[in-house]
Amino acid sequence: MNLRPNVPPSIQVDRPRTDGRCEGGQTGTTARSFLSLVGRIVNNRRFFIGATLAPALVLLGVYVFWPIIYSFYLSFFNTILFKTENFAGVDQYRLLFESPLFRAAVENTLYYTVGSTAISMILGLGLALVLERTGRGRAFFQAIFFVPYVVPYTAYALIWYWLFDPQFGFANYVLHFIGLGPVPWVVSPTWVIPSFIIMSVWKRLGFVSLIFLAGLHTIPQELNEAAAIDGVSWFSRLRHITMPLLRPFTLFVLVVSMIYSLQLFIEPYVITQGGPGTSSLSVVELLYEDGFESLNIGAGSAISVLLFIVTLGGSLILMKWFDRRDA
Amino acid sequence: MTVNSGVRGSYLTAATKRHIGRATRYLILIIVALFCLIPIYWIIASSLKTQGTIERYPPQIIPNPLSGSNYVTAEQTVPVLRWVANSAIIAVIEIIFNVAFCSMAGYTLARKNFRFRGVIFGLVVASMMVPVYVRLIPNYELTLHLHMLNTYQGIVLPSLVTGFGIFLMRQYFSAMPTEVEDSARMDGCGDWGVLFRVLVPMARPAVASLAIFTLVFSLDDFLWPLIVTSQNNMRPLPVGITLFISTTINWGPLTAVTVLTILPTIILYSIFNRHFVNALTAGAVKG
């Protein structure tokens with residue numbers, strides 16, 4: 001990643017300062033000299049850099065980066081109502097690995113992550129390929145596909161809860177028309193995660209196809225055209241020309257999608273409360289229950305640390321894997 | 001576009017095949033469009049039905065009679081208007097601060113040269129990857145110690161600046177020609193004047209994207225406001241509506257409140273959808 005923007009050095013040169021206002025002030029002499037002093041400080045280059053970065057750095061530091069370290073610390077303690085009681089070593093982790101609830105949560109979350117990521121990526125790529133060859137109306141369709149992305153998460157969960165209603169749901173009504181169903185959706189242990197996957201595809205399809213379409217636009221047209229003239233089939237072109245050139249975009253979608261999927265929470269929280277049984281319990285839901293309902297902060301922190309490690313590790317492995325195949 | 005010439009003995013002409021290809025593509029697009037829109041139509045249609053017609057099989061496709069009674073019932077049973085106001089207050093505070101803070105940091109990262117700039121920008125990018133759940137327990141504890149549970153400050157503080165916003169503004173400022181800045185400086189503008197009187201107004205598309213995304217993130221945020229609010233009247237709308245869900249669900253008022261949650265973003269999206277698309281692709285292409 002190139003983090004070094006090319007800024008011409010001329011801009012960084014210190015220059016004579018005014019009192020910081022574009023118009024210049026018209027005040028009395030003592031007031032003016034005081035103001036100009038303040039102005040000189042405020043407009044000092046170092047002060048400006050510090051002052052513009054401070055709010056961002058403080059807030060990100062306190063609310064984003066510090067929690068990672070602090071969670072790690074908390075996970076080694078037994079806690080009672082946010083008071084770290086006694087050092088527990090890796091007990092919290094050991095208890096988690098022994099817990100059948102945690103195992104179920106991990107299995108469900110992984111199932112959901114793999115399913116939702118794979119399906120939304122395949123369909124998103126397909127849709128992007130269709131959109132790329134669409135002349136008239138492309139922007140219109142793209143705008144429609146993107147609508148689910150802006151639907152707030154709670155509303156999204158409720159919309160689908162209602163669509164999946166076993167008795168009055170619209171989903172089964174539609175299936176009935178094409179001679180299928182009725183499907184028990186979220187009330188069945190086997191269907192509940194697939195239901196969540198369908199929901200996630202609805203939510204993400206617009207985003208995924210948008211990114212892939214942006215990627216397709218970076219591929220020079222001549223490449224595909226030349227191959228087509230040479231009689232290379234559509235599928236080979238996709239496999240040997242398009243896909244390799246899309247690699248950075250595929251990686252981006254894969255990582256973003258994985259990070260989101262691993263955070264599965266609102267669907268089980270709102271729709272199923274983890275049920276039926278533990279068939280839709282997710283890792284973050286377990287974290288919520290341990291941390292904020294049972295107030296077992298140590299265990300909650302241990303879950304968040306483990307999930308964070310998996311998320312980070314997963315992202316790094318994917319990046320490495322894509323890099324190696326690049327060579 | 002060349003049609004695959006590998007198929008032999010086909011009696012279809014190239015032109016016919018092209019037409020079929022195009023028709024298929026539009027058919028796919030229409031099916032996907034329906035898949036995207038029907039769920040939203042369905043929640044709106046359901047919210048406009050009466051208690052008697054909402055739970056009926058086969059369902060009514062078009063509500064008849066049209067009725068706003070679910071909205072009235074919702075407001076009578078729970079403080080919906082208060083929740084709407086809370087959500088609006090939270091979103092407005094977050095938007096104002098994000099625009100200010102992210103513009104400031106974005107500008108300095110784009111245009112100033114100083115030590116650790118690369119490191120700081122790296123941290124900004126990395127902060128986008130830190131998932132919410134890792135932040136939950138420590139942020140809750142901090143909010144508790146600051147006595148900010150059940151307050152607006154407590155809810156908004158972790159979201160007043162986002163890595164995404166800084167990244168977006170930095171990308172936009174980097175792409176702006178430096179001449180504008182230089183001539184403003186010639187006219188006697190200091191750094192702050194250049195930033196807030198010249199560049200931010202010029203960066204209106206990026207500011208619009210940032211504002212809209214902040215609104216979307218704000219309404220998307222569920223877990224955080226859920227844990228820091230225990231008083232019913234301090235909850236934002238998305239958290240409040242989950243109170244409807246108990247052992248028996250009354251779908252009438254619930255669909256009404258759901259519609260109220262999606263309306264603001266859908267309306268803004270239909271006006272500004274170009275900004276959404278641009279902001280997202282900027283992140284993907286450059287990142």
Side-chain angles (χ1 to χ4, degrees), chain A residues 3-5 7 11-12 17-18 20 22 43 48-49 52-53 55-56 59-60 63-64 67-68 70-71 82 127 130 133-134 141 143-145 147-148 150-155 158-159 162-163 168 170 173 210-211 214 228 234 252 259 263 265-266 270 284 287 291-292 297 300-301 304 308 311, chain B residues 2 4 25 28-29 32-33 36 39 42-43 55 57-59 101 104-105 108 110-114 118 121-122 127 130-131 133-135 137-139 141 158 160-161 166 174 178 188-193 197 216 219-220 222-223 227 238 241-242 251 258 261-262 265 269 273 280-281 284-285:
Chain A
L3 302 178
R4 204 154 282 282
V7 181
I11 294 172
Q12 277 86 40
R17 295 293 168 203
T18 59
C22 292
N43 269 327
F48 179 80
I49 291 175
T52 48
L53 289 176
L59 285 169
L60 290 182
Y63 284 106
V64 180
I68 300 173
Y70 191 57
S71 290
F82 289 98
L127 198 57
V130 171
R133 296 185 59 183
T134 306
F141 280 110
I144 288 179
F145 299 157
V147 171
V150 300
V151 170
Y153 268 99
T154 334
L158 289 169
I159 286 173
W162 178 224
L163 284 168
F168 311 107
F170 199 67
Y173 181 67
L210 177 78
I211 304 297
W234 177 84
F252 176 79
I259 293 177
Q263 308 190 35
F265 171 72
I266 198 144
V270 168
V284 177
L287 189 167
F292 295 97
I297 299 299
S301 300
S304 74
F308 184 59
T311 308
Chain B
T2 327
N4 186 355
R25 283 198 295 276
I28 293 171
L29 293 178
V32 178
C36 290
W42 190 241
I43 200 87
E55 295 194 339
Y57 196 90
F101 289 165
M104 281 157 56
T108 299
R111 285 284 203 259
K112 300 284 172 188
N113 241 330
F114 51 96
F121 187 58
S127 75
V130 180
Y133 55 81
V134 188
R135 305 163 52 185
I137 290 171
N139 287 359
E141 199 182 320
L160 291 187
V161 66
I166 299 173
S174 299
T178 52
C189 239
D191 278 325
W192 295 97
R197 292 177 189 235
V216 172
L219 285 171
D220 264 351
F222 176 73
L223 203 42
I227 61 171
I241 59 180
T242 58
W251 277 107
T258 308
T261 321
I262 60 177
T265 49
Y269 171 69
N273 70 68
L280 279 176
T281 34
V285 175

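Small disclaimer: the values here were computed from a predicted structure and weren't measured. Proteins get letters first, then strands, A, B, ... in listed order; numbering begins at 1 in each.
Contacts between A:I49 and chain B at a heavy-atom distance below 4.5 Å involve backbone atoms as well as side-chain atoms. Using a 4.5 Å cut-off between heavy atoms, A:I259 contacts chain B through its side chain alone, with no backbone atom that close. For A:L287, the part lying near chain B is the side chain, with the backbone staying farther off; criterion is any non-hydrogen pair under 4.5 Å. Proximity to chain A involves both the backbone and the side chain of B:L219, based on heavy atoms less than 4.5 angstrom apart. Of the two parts of A:S301, the backbone and the side chain both hold a non-hydrogen atom closer than 4.5 Å to a non-hydrogen atom of chain B. Both the backbone and the side chain of B:I262 come within less than 4.5 Å of a heavy atom of chain A.
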Query raised in the report: Can B:T108 and A:F48 be said to form a side-chain contact (heavy atoms from CB on, under 4.5 Å), step by step?
Result: CA-CA 8 Å; B:T108 299; A:F48 179 80; 3.7 Å; yes
Report task. In sequence, state the C-alpha distance, the side-chain angles, and the governing distance for A:V284 and B:L223, and then conclude on side-chain contact (heavy atoms from CB on, under 4.5 Å). Result -> CA-CA 10 Å; A:V284 177; B:L223 203 42; 3.9 Å; yes
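For the atom pair B:E141 CD and A:I297 CD1, the distance stands at 7.5 Å (nearest 0.5 Å). Residue A:L158 holds its CG atom at 4.5 Å from OG1 of B:T258, rounded to the nearest 0.5 Å.
For the pair A:F145 and B:L29, the minimum side-chain heavy-atom distance is below 4.5 Å. Within the 4.5 Å cutoff, the side chain of A:F170 has heavy atoms near those of the B:P59 side chain.
Shortest non-hydrogen contact noted between A:W162 and B:E55 is CH2-CG, 4.4 Å. Pairing each heavy atom of B:D220 with each of A:P152, the nearest pair is OD1-CA, 3.2 Å. Nearest heavy atom pair, residue B:P131 against residue A:Q263, reads CB-NE2, 3.6 Å. Taking each heavy atom of B:V134 and A:S71 in turn, the nearest pair found is O-OG, 3.2 Å. Summarising the geometry of A:A56 relative to B:I166, their closest heavy-atom pair is CB-CD1, 3.6 Å, with the distance given to 0.1 Å. The two residues B:M104 and A:P55 come nearest to each other via the heavy atoms CE-CG, 4.0 Å.
The aromatic rings of B:F222 and A:F265 lie tilted to each other, with the angle between the two planes from 30° to 60°.
Ranking B:F114, B:F101, B:Y133 against chain A, the residue ahead of the rest is B:Y133, based on heavy-atom pairs under 4.5 Å. The choice from A:F308, A:Y173, A:Y153 that makes the most heavy-atom pairs within less than 4.5 Å of chain B is A:Y173.
Distance alone, capped at 3.5 Å, is enough to place a donor-acceptor pair between the B:Y269 side chain and the A:A143 backbone.
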